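All values below were derived from every heavy atom in this structure, side-chain atoms included, with hydrogens, water molecules and symmetry-related copies excluded. Note that the structure is a prediction, hence the values are computed from the model and not measured. For ligands, and for the atoms within them, numbers begin at 1 and follow the listed sequence.
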Amino acid sequence: MRTAYRTCPLCEAACGLELTVTDDDQVVAARGDREHVFSHGFICPKGATFGQLSSDPDRLRRPLVRRDGRHVEVSWDEAFAAVEAGLRPIIEGYGRNALAVYLGNPNAHTMAGGLYVTPLLKATGTRNVFSASTVDQMPKHVSCGYLFGNPLTIPVPDLDRTDFLLILGANPWESNGSLATAADFPGRLKAIQARGGRFVVVDPRRTRTAEHADEHLFIRPGTDAYLLFGMVHTLFDENLTDLRDLAGLVTGVEQVRELAADFAPEKVTAACGVPAERIRDLARQLAAADRAAVYGRIGTCTVEFGTLASWLIDVLNVLTGNLDRPGGVMFPLAAHLSGKPGKRTGFTVGRWHSRVRGFPEVKGELPIATLADEIETPGDGQVRALLTVAGNPVLSTPNSGRLGRALGGLGFMVSVDPYLNETTRHADVVLPPLDAMRKGHYDFAFLGFAVRNFAAYSPPVLPPDPDGLDECDILARLLRIVTGQGDGDPAVVHEYLLDQALTRTGVAAARELIAGDGPAERLLDVAVRAGAYGDQFGARPGGLTLQNLKEHPHGIDLGPLQPRLPDALRTPSGMVELCAPPLAAETARLLGALDRDREQLVLIGRRHLRSNNSWMHNVPALVKGRDRCTLQVHPSDASRLELVDGEPARVVSRAGALSARVEVDDRVMPGVVSLPHGWGHDLPGVRLSVAAENPGVNSNILTDELVMDPLSGNSVLNGIPVQINPM
Ligand SMILES: Nc1nc2c(c(=O)[nH]1)N[C@H]1C(S)=C(S)[C@@H](COP(=O)(O)OP(=O)(O)OC[C@H]3O[C@@H](n4cnc5c(=O)[nH]c(N)nc54)[C@H](O)[C@@H]3O)O[C@H]1N2
Ligand SMILES: Nc1nc2c(c(=O)[nH]1)N[C@H]1C(S)=C(S)[C@@H](COP(=O)(O)OP(=O)(O)OC[C@H]3O[C@@H](n4cnc5c(=O)[nH]c(N)nc54)[C@H](O)[C@@H]3O)O[C@H]1N2
Ligand code: SF4
Ligand SMILES: [Mo]
């Protein structure tokens with residue numbers, strides 16, 4: 001037996017795991033790493049099953065090719081030959097945009113995703129790039145892009161030092177946090193209360209987070225922008241704004257005051273369902289707290305006014321002087337980033353538009369809600385081939401019934417994925433990467449959102465599988481194919497990317513200093529050495545290198561978050577631009593929607609601690625126990641609609657219909673029903689034996705691809721109008 005340490009890659013919390021490994025390379029136990037500088041031994045049930053997930057017998061270990069409608073195992077060379085034979089004629093015959101790419105969530109959790117996906121996208125040259133970002137956090141990118149000039153400059157709540165935290169549309173007790181990497185998020189929230197502070201939750205469901213909160217307010221789904229504008233209005237109305245150190249660093253405050261004039265709490269209360277006096281009181285509490293933060297997540301993003309809500313959250317942080325201030329919201333500085341002031345290029349969207357529905361490109365991608373249009377609609381530029389990497393859009397994106405049918409009509413599809421699931425069953429070729437135990441790990445995405453600066457690298461726990469292929473190699477070989485170089489040695493691509501990284505960093509001569517066992521590790525070494533804490537390739541002795549990180553298996557603490565303004569700003573003015581014109585224009589639309597009829601029953605989602613989106617229902621320990629894929633209905637709605645607890649009901653929306661088992665539960669507010677996403681594992685051709693026993697239903701059959709947050713292209717996944725009848 002030996003002990004190995006590794007960061008858990010399953011959610012954004014980035015916990016340190018302590019793994020027990022037998023001599024014959026079985027991972028038999030996973031515990032929290034008590035010495036980890038950030039997670040201090042915290043772990044959740046998903047992390048505890050990390051070994052079982054890696055050794056899942058259904059996990060693909062060899063590539064699959066579809067022959068006569070069945071997926072059969074082939075050699076890697078055969079698989080890549082099939083990709084080349086399938087893709088090249090489409091690209092050559094119809095142009096680069098005939099190939100679409102969909103990138104799923106786990107790309108944010110792998111080194112290959114952090115380092116090889118962007119070069120691969122560039123190599124394809126396609127404008128048809130789609131990702132899970134437009135069913136998730138795109139509104140936050142857009143609002144921060146306008147506010148701070150860079151869509152990745154997203155402030156996180158300084159959980160460990162705040163006195164008052166307002167949480168909207170997030171349930172970290174189950175999700176462990178998002179866009180705020182905070183291992184043991186619940187413990188950090190309890191610590192706020194223990195030191196005399198408070199946290200308040202705004203959510204249409206009384207979640208576990210809400211149950212622990214000092215106060216919980218129900219809100220009508222999709223209406224947070226009204227509540228938040230009501231708070232902004234109150235701050236101005238009652239002279240409660242105080243920019244503190246931000247004065248002189250912010251433009252647009254007066255414009256925001258003018259916009260907010262239309263949103264008195266008394267005027268928005270009917271739309272959002274929060275009493276006007278509670279709205280005023282929230283604003284007063286926020287202003288009165290010495291150190292306060294407003295934080296929103298999925299429930300504020302996956303709604304029609306998601307960008308406005310995301311923006312208003314930071315407007316409140318700015319107007320109360322809590323941006324970039326300890327105990328407020330702050331900008332982390334990860335070890336692989338330099339933190340140096342950059343060009344003031346600002347943020348723009350719409351460099352190109354989607355062909356069928358004309359949606360503007362945002363951050364280099366198009367809304368996933370329109371992928372089916374691009375596949376189904378004939379004409380010049382039609383999508384005929386699809387590459388998916390680490391994604392399961394058939395379960396995770398709106399009107400997935402339609403998307404599933406569209407995938408069946410593609411000329412060619414290739415998926416980089418360890419499972420034959422609801423999406424990859426449509427693929428002509430499936431390329432499974434080595435499992436997480438056999439790859440190194442560094443969180444390129446999440447260390448930039450950590451509530452305390454720290455760095456951790458984990459080497460592979462198990463030796464490589466001689467018959468498997470590392471994900472970097474897979475993506476590199478795909479890159480060769482899409483550029484017409486032909487399948488071949490991925491080392492050429494690895495070398496090219498390393499050269500590029502060194503040249504970009506201005507240290508081409510430092511090549512011989514770079515160490516690392518694999519291509520991703522070498523690129524990480526370059527980034528960390530050039531980064532804010534790095535050794536600058538020898539110029540700053542004692543600074544970080546990959547070698548340092550390897551010598552610290554429990555991570556390296558880099559201290560509490562530090563103020564980073566104005567250096568972090570990339571706006572043309574070099575200031576926080578509080579009122580970008582697109583946001584002001586969208587505010588007019590929000591005002592116009594104030595009197596909309598909001599009587600209809602609406603659907604929201606929910607997350608469970610033992611799930612992770614769509615792909616962890618094949619681990620027995622995570623799915624045992626009672627059925628979790630239920631339709632929660634408030635008792636008053638249940639009696640009105642004659643729905644019986646435990647019985648199936650038929651749920652119908654504009655997009656589709658399904659039947660789900662009713663759970664009468666007063667934790668959802670009246671007028672709202674809740675069904676989790678990521679289920680529906682009973683499709684033919686899927687190889688998920690455990691998940692298939694308890695398949696659940698796919699809630700995204702009901703979500704509608706025709707409604708959208710227009711500024712970000714983000715899908716609306718919460719607040720879907722539905723009709724429900726007993727079966
Ligand atoms: N109704 C509704 N829908 C939602 C949401 C919601 O709240 N409500 N949430 C949305 C959100 S926030 C997200 S992020 C999306 C997620 O949407 P997706 O990313 O499309 O879906 P996942 O379920 O995360 O699927 C991940 C896929 O990656 C594969 N995978 C796992 N590990 C690896 C790896 O190391 N390498 C590779 N190549 N593949 C791997 C899995 O087998 C699986 O096929 O779902 C969204 N959909
Ligand atoms: N256990 C578990 N952990 C996960 C995941 C998982 O699937 N399972 N997924 C991971 C991913 S990819 C992500 S992005 C994060 C998401 O992390 P969170 O955002 O914390 O997770 P959710 O549980 O989706 O929380 C969204 C909350 O918004 C509420 N809500 C719905 N509509 C509205 C609304 O209009 N207004 C307001 N104020 N609230 C609303 C819902 O009731 C729900 O409680 O979780 C990550 N962690
Ligand atoms: S909270 Fe997230 S990172 Fe921590 S053990 Fe659970 S799944 Fe892994
Ligand atoms: Mo997500």
Side-chain angles (χ1 to χ4, degrees), residues 9-13 44-46 53 59-60 102-110 112-113 131-133 135-137 167-180 185 201-210 217-224 227 272 296-303 306 309 368 388-398 400 415-424 431-436 439 471 474-475 602-616 618 668 672 674-678 688 698-700 702-703 715 717-720:
L10 299 175
C11 88
E12 299 180 37
C44 86
K46 292 187 295 299
L53 180 69
R59 174 181 274 275
L60 305 176
Y102 174 78
L103 305 168
N105 168 278
N107 282 304
H109 298 267
T110 64
S131 88
S133 291
V135 279
D136 189 346
Q137 80 290 357
I167 301 179
L168 304 111
N171 185 11
W173 235 274
E174 308 273 3
S175 71
N176 279 302
S178 178
L179 291 185
F185 206 125
V201 169
V202 176
D203 198 302
R205 237 183 105 235
R206 192 169 66 251
T207 60
R208 286 175 72 200
T209 307
L217 295 165
F218 280 127
I219 186 166
R220 180 98 190 132
T223 64
D224 293 66
L227 165 79
C272 67
R297 214 40 279 282
I298 285 294
T300 54
C301 284
T302 55
V303 288
I368 181 61
T388 72
V389 186
N392 194 2
V394 168
L395 292 192
S396 16
T397 71
S400 47
S415 294
V416 182
D417 203 288
Y419 283 108
L420 191 59
N421 63 19
E422 300 74 16
T423 295
T424 60
L431 305 167
L434 283 181
D435 78 79
K439 44 193 182 195
E471 193 149 4
I474 295 178
L475 299 182
V602 292
L603 173 76
I604 62 169
R606 69 177 185 270
R607 283 179 158 77
H608 189 284
L609 186 57
R610 284 186 289 128
S611 270
N612 191 17
N613 295 327
S614 76
W615 70 280
M616 286 180 64
N618 212 49
V668 283
V672 175
S674 165
L675 187 64
H677 77 283
L688 296 164
N698 174 7
S699 68
N700 283 312
L702 298 169
T703 51
S715 299
L717 305 173
N718 281 293
I720 305 298

Under 3.5 Å, is there a donor-acceptor pair between the side chain of E12 and the main chain of L179? yes
P221-ligand 2 polar pair, N/O distance under 3.5 Å: no
Would you say ligand 2 has an N or O under 3.5 Å from any N or O of E174? yes
Contacting atoms of ligand 2, where contact means under 4.0 angstrom from a heavy atom of H608: 1 (N), 2 (C), 8 (N)
Numbering as shown, the atoms of ligand 2 that approach L609 to under 4.0 Å (heavy-atom distance): 1 (N)
Give the residues near ligand 1 by chain and number, with the criterion being a heavy-atom distance under 4.0 Å. Y102, G104, N105, P106, T110, A132, V135, D136, I298, A390, G391, N392, P393, S396, V416, D417, P418, Y419, N421, P433, K439, E471, R607, N613, S614, W615, H677, S699, N700, L717
Can a non-hydrogen atom of T207 be found less than 4.0 Å from any atom of ligand 2? yes
Those atoms of ligand 2 less than 4.0 Å from some heavy atom in I219: 36 (N), 37 (C), 38 (N)
Check whether H109 reaches the backbone of P9 with its side chain - one donor and one acceptor, N or O, closer than 3.5 Å. yes
Side-chain donor or acceptor of S611 paired with backbone N/O of N613 under 3.5 Å: no
Short side-chain to backbone donor-acceptor contact, S715 and V135, under 3.5 Å: no
Would you check the N or O atoms of V202, main chain and side chain alike, for any that come under 3.5 Å of an N or O of ligand 2? yes
When you compare ligand 2 with D224, is there at least one nitrogen or oxygen pair between them that comes in under 3.5 angstrom? yes
Is a side-chain donor-acceptor pair under 3.5 Å present for R205 with S674? no
Can you list everything that forms a side-chain hydrogen bond (donor to acceptor under 3.5 Å, both in side chains) with D224? Sequence neighbours excluded, please. none
Contact atoms of ligand 2, heavy-atom distance to G222 under 4.0 Å: 34 (C), 35 (O)
Output all residues satisfying side chain to side chain contact (heavy atoms under 4.5 Å, CB included) with P393, sequence neighbours left out; order by chain, then residue number. Y102, T397, L403, T423
To check you understand the geometry: which heavy-atom pair defines the closest contact between T110 and G113, and what is its length? OG1-N, 2.9 Å
Taking V394's backbone N and O only, do any of them form a donor-acceptor pair with N698's side chain (distance below 3.5 Å, no angle check)? yes
Who pairs with T424 by side-chain hydrogen bond (donor to acceptor under 3.5 Å, both in side chains), at least two apart in sequence or on another chain? N421
